[in-house]
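Here is the structure we will look at, set down as structure tokens.
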Amino acid sequence: MNNSEIKHSLKLAGQLMELHGDNPFKTRSYTSAADVVGGLDVELATLSEKEILAIDGLGKSMAANIADLLHSGSFEGLNQLMDKTPVGVIEMLGISGFGPKKVAVLWQEGGAETLDDLLTMCDQGKVAALKGFAEKSQETLRAAVSFLIGNRFRERYANVEAVVATLQTLIADLPSVEQCQETGQTRRRLEVIDQIELLVVAEDFEEAREQISQLTGLEVDERKSSPMAWYGKHVGVKPPIKIHFADSDSAINRLIETTGSIEHLNLPTTDQTSIKSALKKGRFVSEEAFYQSIGMKPIVPELREGRREGDWATQDRLPQLIEMSDLKGILHNHSTYSDGKHTLRQMAEHCKQLGYEYLGISDHSQTAVYANGLPDFRVKQQQEEIRQLNEELAPFKIFSGIESDILTDGSLDYSEEILASFDFIVASVHSGLNMDIQKATDRLLKAIHNPYTTILGHMTGRLLVQREGYPVDHRAIIDACAETGVVIEINASPYRLDMDWRWIEYALDKGVKLSINPDAHKMDGYKDMYYGLQVARKGGLTANDNLNSMNLAEITAFFASKRNKK
DNA sequence: ATCGCAAACGATCTTAAAGGGAACTTTAA
């Protein structure tokens, strides 16, 4: 078990204790132990019991729980709590906006044991009748529960990536299988996956199907499976799996057919038919050969969504999509000054080691007390440390920034004097997320028009599969960024991937720059830029339109010119 | 349950918004 799994178990134990009305101080000790574990930069599995006991916030009981977790994947206290809580009620703890206390009422007073029970109770008006609930809460609950139910079989891309790779290898190694290739949504790098698809090349489909069904972890769904397709699922993986079969002659045709979205396959071709019907006219030896046969330049899988790629490919105007090697520096990162796991020095040295030219540090601002946000004097301390590190690490450069909360009224979180002391400012909303579209848009517009704002951070506050973002008028916001020269972040955390890639096209039309930012809270977090890059490519982003593709000299000039416009 | 001060025990404290219900509880960043 790794730290993040241990953290998850301790947090769950804390939530369940609160649900069952345990001593609040005992409850809190579990929650805070979970936080402590989350903040460690060394794996608990590598520590002795004595070393674990020496960690502040982890005492005798917690050390024993951790030992049990490492040994058996659970601990007695957690097992007991799980035993007396229905699975559906545990699922309710994930409802955004409703915590353990409210869930306890819904379960014990209202009798709900599943998410579906809750919807029924909302329909019957029974939720509004419960103590501590009323009309408004009932509707908020209905929306949050519907969202969770709608996402029951959907998963973030990053969480299925490894399973897809493992399955691919396992299946390719089966004696009856010639080749196994990723296709469908994951091949297109969609941010949320509701079906995993693979294409198997084999002579004898029947035999291949049977061997696949034998693989550990896979469960076949006999009813849905057919001679041409295996349907089923993998233990612990939410989206269902569909495996297509093809002989080697038709493999490329099947790959193209299963990779593109329906909208892509329906795109018109110059002969008045569609991609889909063109595929039926022959067997192709490569994807490139197929697209050329219909007068199109080859289209990479990420772009096959049925948007503008058909026209681009026909007119030879496909964008030169951004690549990892186009990223020259890393912006929007946290350190131990606020809620990051690693020190400023560690973050900088690691960034430099990876070959980047610069790092933009933007810890949380003072209002974010829960994240140890920086008051004025700590901003100054950090800037002094940055100055010293810059001397030492030159020519590598750390830019001093801040992730300033956009307060409820749309203003930033410091005085003019402090705001003016930063090289760049990421402005993001972190609190008061419950807004209508008018209020949210006005709040963001005011922040965009603040002359100190350099980058607009995670635009909608969404958490994929967990929580809907607040609604915003994307056009109005992008237009304002065009007017003010504010850069829009593509937050690369696989939980967010916000702004949504579907709006990149509009932003590029308006001449707005984007920035692929990892929002890293630890050194390892830099890797998330990969996920941001995938969705950026889906949106047609090129290196030219991406802020952190600038080299050090260019971005230094960019920050300076933005500051001089004030 | 943990910590700190002290030797068995007491204190444990982010804060603001929101909703429900008329002073407070719950939630979430």
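Note on naming: letters A, B, ... go to the chains in the order of the sequence lines (proteins, then strands), and numbering restarts at 1 for each one. Scope of the values below: all heavy atoms of this structure, side chains included, with no hydrogens, waters or symmetry mates.
When the P atom is compared between B/dA11 and B/dA17, the two are found 32 Å apart, to the nearest whole Å. As rounded to the nearest Å, B/dC5 and B/dA1 have P atoms that lie 22 Å from one another. Taking the P atoms as reference points, B/dT2 lies 22 Å from B/dA6, given to the whole Å. For the C1' atoms, the distance from B/dG10 to B/dT14 is 23 Å, rounded to whole Å. Nucleotides B/dT12 and B/dA18 place their C1' atoms 27 Å apart, quoted to the nearest Å. For B/dG20 and B/dT25, the P atoms lie 16 Å apart once the distance is rounded to whole Å. The separation of B/dC13 from B/dC3, taken at their C1' atoms, amounts to 15 Å, rounded to a whole angstrom. Across B/dA23 and B/dG19, the matching C1' atoms stand 13 Å from one another, rounded to whole Å.
For A/His364, the side-chain hydrogen bond (donor to acceptor under 3.5 Å, both in side chains) partners two or more places apart in sequence, or in a different chain, are A/Asp339.
Out of B/dT14, B/dA18, B/dG20, the shortest distance to the side chain of A/Lys439 is found at B/dA18. Side-chain proximity of A/Lys26 to the nucleotides B/dT15, B/dA1, B/dG20 is greatest for B/dA1. Among the nucleotides B/dT14, B/dT26, B/dC3, the one closest to any side-chain atom of A/Asp56 is B/dC3.
Close to B/dT15, at under 4.0 Å from its OP1 or OP2, lies no side-chain N or O of A/Thr367. A/Ser61 has a side-chain polar atom (N or O) that falls below the 4.0 Å cut-off from OP1 or OP2 of B/dA1.
Atom-to-atom, OH of A/Tyr370 to C1' of B/dA17 comes out at 13 Å; the value is rounded to the nearest Å.
Ring to ring, A/Phe396 and A/Tyr358 are not that close: their centroids are 6.0 angstrom or more apart.
Under a cutoff of 6.0 Å and an axis angle of 45°, A/Arg189 and A/Tyr157 do not form a cation-pi pair.
Between A/Phe559 and A/Phe399, the two ring planes are perpendicular [angle over 60°; tilted spans 30° to 60°].
Once the 5.5 Å centre distance and the 30° plane angle are applied, the aromatic ring of A/Phe25 is found stacked with the base of B/dT12.
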